[in-house]
Amino acid sequence: MADNGALSRVRNIGIMAHIDAGKTTTTERVLYYSGRSHKIGEVHDGTAVMDWMEQEQERGITITSAATTCEWNGYQVNIIDTPGHVDFTVEVERCLRVLDGVVAVFCAVGGVEPQSETVWRQADRYHIPRIAFVNKMDRVGADFNRVVAEIKESLAAEPVVLALPYGSEETFSGTVDLIEQKLYRYDEDDKGGTVHEEAIPEDIRNTSSAAYMTLLEKLADFDEGIMEKYLDEQEISPGEIRQALRNAVLALQLVPVLCGSAFKNKGIQPLLDAVTWYLPSPVDVPQVEGEDKNGAPLVRKLERSEKFCGLVFKLQSDPFIGNLAFIRVYSGELNVGDKVFNPLKRKKEKIAKLIKLHANKREEVQAIGAGDIGAVVGLKFTMTGDTLCAAGDHIVLDTMDFPEPVIGVAIEARSKADEAKLAESLEKIVCEDPSFRVSLNEDTGQQIISGMGELHLEIVVDRLIKEFKVSANVGTPQVAYKETITCEASGEGRFETQGGGKEQYGHVVLQLKPAERGSGLQFISRVDEKQIPQEFFSAIEKGVRDTFDSGPLIGYPLVDLEVKLVGGSYDEENSTEMAFGVAAALACREAVAKAEAVLLEPVMAVEVVTPDEYLGDVINDLNKKGAQVDGVEAERNLQVVKAGVPLSKMFGYSTSLRSATQGRATFSMQFKAFSEVPAKQAEAIIHKIRGV
């Protein structure tokens, strides 16, 4: 079979959702029905194939994305099960970067939840076609129509219903296929493996007819052939509907919606069919764009005859075989024994071993080609987001953006013997997880580990103890503040050495200006070549960035400012990059001393779901924490409170919320923005951290 013929029967998909919507349970059923697993694993028992980490089995949540492969009706489906908890959003980000399609799982009771919106936006950013699966139709409070309405309203998507639930809550017994006009019932004695096809019962025929007409009307908007037949009242075959629907899904115009109950083994086979029918194959993403060594656009076709290029999207430390680098191959072929080039690190790597993955079980292969996802063992220099290409070639694929950590804790080894082991283990975790950082607080001499939330750091500490066998003492969580400036200022830096040794000279004038929140640090040059040659600009920029890694108040990074190089001078004989780097640092310090620095703190978007009777208590508690309540919405007999709350006030919130609502309220939070700390509060924080 030709390359593209075989590749057209491959699906690289992710399964994403809010925590507890049932992603991992759905994946377990997919593996069972496709014959990859011979028994069904359960998350609540700690036996789910995809939740293979000890920490995942203990908590019943997905922490790391797991990859697996299965076969369905002659198609190869490569699946990545991603985490739903906001602390592990980076796992979702890096998987979406390399996937072709996504199954978004929604809870029939919870509907579109905060993390559902986050992962949906991430998929929007990478232009990934999606299918929606409304899970847990057997649960009390399940409401299929409400979830479909929320997908349209909250996610600004265009859902198109392909399957209706037959029954709801405890009476849910099957799904109605609108395209085939049949009812599917799932045999409970056979764990849903046997599917009985029946005519649509009378009691749902009117509803299904109306839903079928809606489906055709939506398709008619996107497909002229369907429109003509629809207007002429001609019969439209299921094959024609599927082809039109596939085109609309690939063009990101429609989102097919199916339903079922993964836990009760209902509705998974139609979902697998939909994955093969509507989600893209690698052939539908025919080429990948990158840049050559000069930054000019470069295109590679998805063919094995092309030069090899691939993107490393995840690193994982393995106690038995060392570093595993997960790679998506976009063009060419990667073989065991090949020498490849990492253009970002300017290093060559040798491919010692290649692996196809099934959760934490591995199968060695000799080659992986265009469209495949696999793993390489033993890369020395490559990190997450790096491109690998053929030796002698140079292409850099679009990389990934990772969020800044918002919370940190101090950590130290319990004994001298553990110090080297702790440093080595932390280095491995940093390589695996781009949202995790290790730094040294120069004032206190403490080692600080930083991450996306309390759970994130709790998991890291747990892994250090259980997986890496390191004994460590951990402090209480600290907020990762930032600093910024509030007014314009300029500074001049001159560095010259004379006398013994080589003379050096560098002179710069910089202007600082506040920039909008979230813009980071921008460096702009406004001098011409005659004043300072271009070869020194990168040294000046590096001097600026290195200086602003530590702000003037308490040493947190300076952000959200524009730095302009507006003047300076050079000496033809004695100017060096080092001299200009030092001069830039001196100019920065002079300017920032005049620019009235302030402290910024992370503010979290918090959503609390509470029964009506506790609404007053919840809002009072949030107000005490300095929250900005953005709104309250009613959902059946529940109230949803949305607010922005400083992270420093959210430590231990789950405990206080449980006690205030007798354990009946739940909350979720994710990073929203950095905001200026009120002056009095900032003063207290600075005193505390400086130990004054």
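None of the values given here were measured: they were computed from a predicted structure.
Heavy-atom minimum distance, V566 versus V527: C-CG1, 3.4 Å. Taking every heavy atom of both residues into account, K347 and F341 meet most closely at O-CD1, 3.5 Å. Closest approach of A480 to I407, counting heavy atoms only: CB-N, 3.9 Å. Of all non-hydrogen atoms in M16 and V119, the two that sit nearest each other are CE-O, 3.6 Å.
Taking the six-membered ring where the residue is Trp, Y481 and Y556 present perpendicular rings, their angle passing 60° and hence far from 30°.
In this structure, I395 and P343 have side chains that are not in contact, with every pair of non-hydrogen atoms separated by 4.5 Å or more. Two residues are said to be in side-chain contact when any heavy atoms from C-beta on lie closer than 4.5 Å; V559 and F548 fail this criterion. Inter-residue side-chain proximity for Y570 and H507 is flagged as unmet; no heavy-atom pair is nearer than 4.5 Å. Residues E488 and P514 have side chains in contact (heavy-atom distance under 4.5 Å, counting atoms from C-beta outward).
Side-chain atoms of E412 never come within 3.5 Å of backbone atoms of Q447 as a donor-acceptor pair (strictly under, hydrogens ignored). Side-chain atoms of E483 come within 3.5 Å of backbone N or O of G555 as a donor-acceptor pair. The backbone N or O of D549 lies less than 3.5 Å from no partner atom in the side chain of D546, so there is not a single donor-acceptor pair. Listed for the E676 side chain is no donor-acceptor partner under 3.5 Å among the backbone atoms of V598. Between the side chain of K421 and the backbone N or O of K469 there is at least one donor-acceptor pair closer than 3.5 Å.
Taking a 6.0 Å sphere around NZ of K348, one finds it holds 12 or fewer heavy atoms contributed by other residues, nucleotides or ligands. Within a 6.0 Å sphere centred on CD of Q287, heavy atoms belonging to other residues, nucleotides or ligands number more than 12. Around atom NZ of K482, more than 12 heavy atoms belonging to other residues, nucleotides or ligands sit under 6.0 Å away. Annotation: K345, atom NZ; neighbour count of heavy atoms from other residues, nucleotides and ligands within 6.0 Å is above 12. Within a 6.0 Å radius of CD in Q522, more than 12 heavy atoms belonging to other residues, nucleotides or ligands are found. By the 6.0 Å contact criterion, CD on E529 is enclosed, its count of non-hydrogen atoms from other residues, nucleotides or ligands being greater than 12.
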Apply the test side-chain contact (heavy atoms from CB on, under 4.5 Å) to residues L510 and L565: give CA-CA distance (whole Å), side-chain angles for both, the deciding distance (0.1 Å), then the verdict. CA-CA 5 Å; L510 297 174; L565 174 60; 3.9 Å; yes
Working for side-chain contact (heavy atoms from CB on, under 4.5 Å), residues E289 and D398: CA-CA 8 Å; E289 290 183 8; D398 187 24; over 6 Å; no
Under the side-chain contact (heavy atoms from CB on, under 4.5 Å) criterion, do S331 and K301 qualify, and how do the steps go? CA-CA 6 Å; S331 66; K301 291 193 178 72; over 6 Å; no
Pair F468, L426 - check side-chain contact (heavy atoms from CB on, under 4.5 Å), show working. CA-CA 9 Å; F468 295 102; L426 288 174; over 6 Å; no
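Between E419 and K416 there is a salt bridge, since a side-chain N of the basic residue sits under 4.0 Å from a carboxylate O of the acidic one. In this structure, D393 pairs ionically with R300, as a charged nitrogen and a carboxylate oxygen lie closer than 4.0 Å.
H394 and E291 share no donor-acceptor pair across their side chains, judged by distance under 3.5 Å alone.
Rounding to the nearest 0.5 Å gives a distance of 7.0 Å between OG1 of T576 and CZ of F536.
Under the 6.0 Å distance and 45° angle rule, R328 counts as a cation-pi partner of Y330.
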